[in-house]
Amino acid sequence: MIIAIDGTLASGKGTIARRIAAWYGLPYLDTGRLYRATGVAAIRAGVNLEDGDLVAAVAASLDLNDFEEEDLRSAEAGVAASKVAVLPEVRAALLDLQRAFANQAAGAVLDGRDIGTVICPNADAKLWIDADLEVRAQRRHKELTASGDTITLEDLTQQLRERDARDASRKDAPMKKAADAALIDTTHLTIDAAVDKARSEIDMILARKD
Ligand code: C5P
């Protein structure tokens, strides 16, 4: 069974996806980590973030063990990720890895921006997670300041707005809700309530397919 979970930044999609994977006993891949690691590795290597071929070469030789969690979760890593994610060469370099993960015998949960539309269009269940921009910015701001980041809420809100626009407007695999994905708006939900809703949506989708 493949479950595709896409959505906007700080909508709760990562936490929901991790908990859904644990609930159904499925391996889990956070595909944003691949783009974040690619962006961070490209910066470390001094590669121009607009050079598709060079950044794709960085993506193709990634070792996720080379990164500390804080390095990947930072606001800078997120911005670098959304810049390299625009490059078709980079998306192509990361495609096989994501498909292979999805198609393993045990099944899988993947979260990202284009899982339901491009990576796994035939997923058994698809969710689209979203929330209002202000609420997402507040959530991410709390997370970042807790880990020592000094970015202001105002700057972060602007950064999220720009990242949403970049993710949604890129030509290759734009961030988009798949037509057959169930929408979960977490604006007014606690994370526990959002996970419960995700589980019941998935169970309903699977029951309809039986
Ligand atoms: O989900 P996360 O915030 O970690 O993703 C970081 C960035 O990576 C996103 O803003 C997006 O540009 C890119 N991404 C993507 N496709 C995915 C996952 C992430 O383009 N499947």
Side-chain angles (χ1 to χ4, degrees), residues 2-18 20-21 28-43 49-50 52 55-56 58-59 62 64 67-102 108-121 123 126-131 133 135-137 139-144 147 149 151 156-178 181 184 186:
I2 299 175
I3 301 177
I5 303 186
D6 291 301
T8 51
L9 186 106
S11 60
K13 105 185 122 53
T15 308
I16 293 171
R18 239 186 323 275
I20 287 296
Y28 164 61
L29 180 65
D30 166 5
T31 65
R33 269 178 82 84
L34 303 174
Y35 290 92
R36 286 170 180 268
T38 301
V40 170
I43 290 171
L49 294 188
E50 291 176 12
V55 183
V58 170
L62 270 188
L64 289 178
F67 305 90
E68 299 288 338
E69 195 54 30
E70 306 92 81
D71 297 338
L72 296 185
R73 294 312 315 167
S74 72
E76 292 74 32
V79 171
S82 82
K83 287 187 178 163
V84 299
V86 167
L87 305 167
E89 298 88 344
V90 170
R91 306 202 72 84
L94 296 174
L95 184 86
D96 289 348
L97 193 158
Q98 296 175 80
R99 287 235 171 105
F101 189 92
V109 175
L110 286 84
D111 89 48
R113 301 290 190 290
D114 61 341
I115 309 302
T117 50
V118 175
I119 306 293
C120 306
K126 299 180 187 176
L127 299 180
W128 176 261
I129 319 289
D130 201 1
L133 177 69
V135 170
R136 292 190 286 122
R139 286 178 187 160
R140 183 49 55 93
H141 189 249
K142 215 164 137 191
E143 244 174 62
L144 288 172
S147 62
D149 205 308
I151 189 164
L156 186 67
T157 306
Q158 182 55 22
Q159 218 180 69
L160 292 203
R161 191 177 288 118
E162 285 168 12
R163 278 182 56 189
D164 277 353
R166 190 154 49 225
D167 285 348
S169 67
R170 66 176 174 239
K171 283 233 296 281
D172 196 20
M175 167 172 82
K176 193 167 136 212
K177 177 184 172 304
I184 297 182
T186 67

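Order of appearance sets the numbers: ligands from 1, and atoms from 1 within every ligand.
Other residues, nucleotides and ligands contribute over 12 non-hydrogen atoms within 6.0 Å of the NZ atom of Lys177.
Using a cut-off of 4.0 Å between Lys/Arg side-chain N and Asp/Glu carboxylate O, Arg113 and Asp6 are scored as not salt-bridged. A salt bridge between Glu143 and Arg140 is present, with a side-chain N of the basic residue lying under 4.0 Å from a carboxylate O of the acidic one.
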Can you list every pair where an N/O of ligand 1 is under 3.5 Å from an N/O on the protein?
unit_1   : atom_1 : unit_2 : atom_2 : d
ligand 1 : 1 (O)  : Lys13  : NZ     : 3.0
ligand 1 : 1 (O)  : Arg113 : NH1    : 2.8
ligand 1 : 3 (O)  : Arg36  : NH2    : 2.9
ligand 1 : 3 (O)  : Arg113 : NH2    : 3.4
ligand 1 : 3 (O)  : Arg163 : NH2    : 3.3
ligand 1 : 4 (O)  : Arg36  : NE     : 2.6
ligand 1 : 4 (O)  : Arg36  : NH2    : 3.4
ligand 1 : 10 (O) : Arg113 : NH2    : 3.4
ligand 1 : 10 (O) : Arg163 : NH2    : 3.0
ligand 1 : 10 (O) : Asp167 : OD2    : 2.8
ligand 1 : 12 (O) : Asp167 : OD1    : 2.5
ligand 1 : 12 (O) : Asp167 : OD2    : 3.4
ligand 1 : 16 (N) : Arg91  : NH2    : 3.0
ligand 1 : 20 (O) : Arg91  : NH1    : 2.8
ligand 1 : 20 (O) : Arg91  : NH2    : 3.3
ligand 1 : 20 (O) : Arg170 : NH1    : 3.0
ligand 1 : 20 (O) : Arg170 : NH2    : 2.9
ligand 1 : 21 (N) : Thr31  : OG1    : 3.0
ligand 1 : 21 (N) : Arg113 : N      : 3.2
ligand 1 : 21 (N) : Asp114 : OD1    : 2.9

I'd like a table of donor-acceptor pairs (distance under 3.5 Å, sequence neighbours excluded) in which one partner is a side-chain atom from residues 35-43, with atom names and distances.
unit_1 : atom_1 : unit_2 : atom_2 : d
Tyr35  : OH     : Arg91  : NH2    : 3.3
Arg36  : NH1    : Leu72  : O      : 2.7
Thr38  : OG1    : Leu34  : O      : 2.7

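A search for side-chain contact (heavy atoms from CB on, under 4.5 Å) contacts involving Gln158 returns Arg161, Glu162, not counting sequence neighbours. Under the side-chain contact (heavy atoms from CB on, under 4.5 Å) criterion, Ile151 pairs with Ala75, His141, Leu144, Asp149, Asp155, Leu156, Gln159, not counting sequence neighbours.
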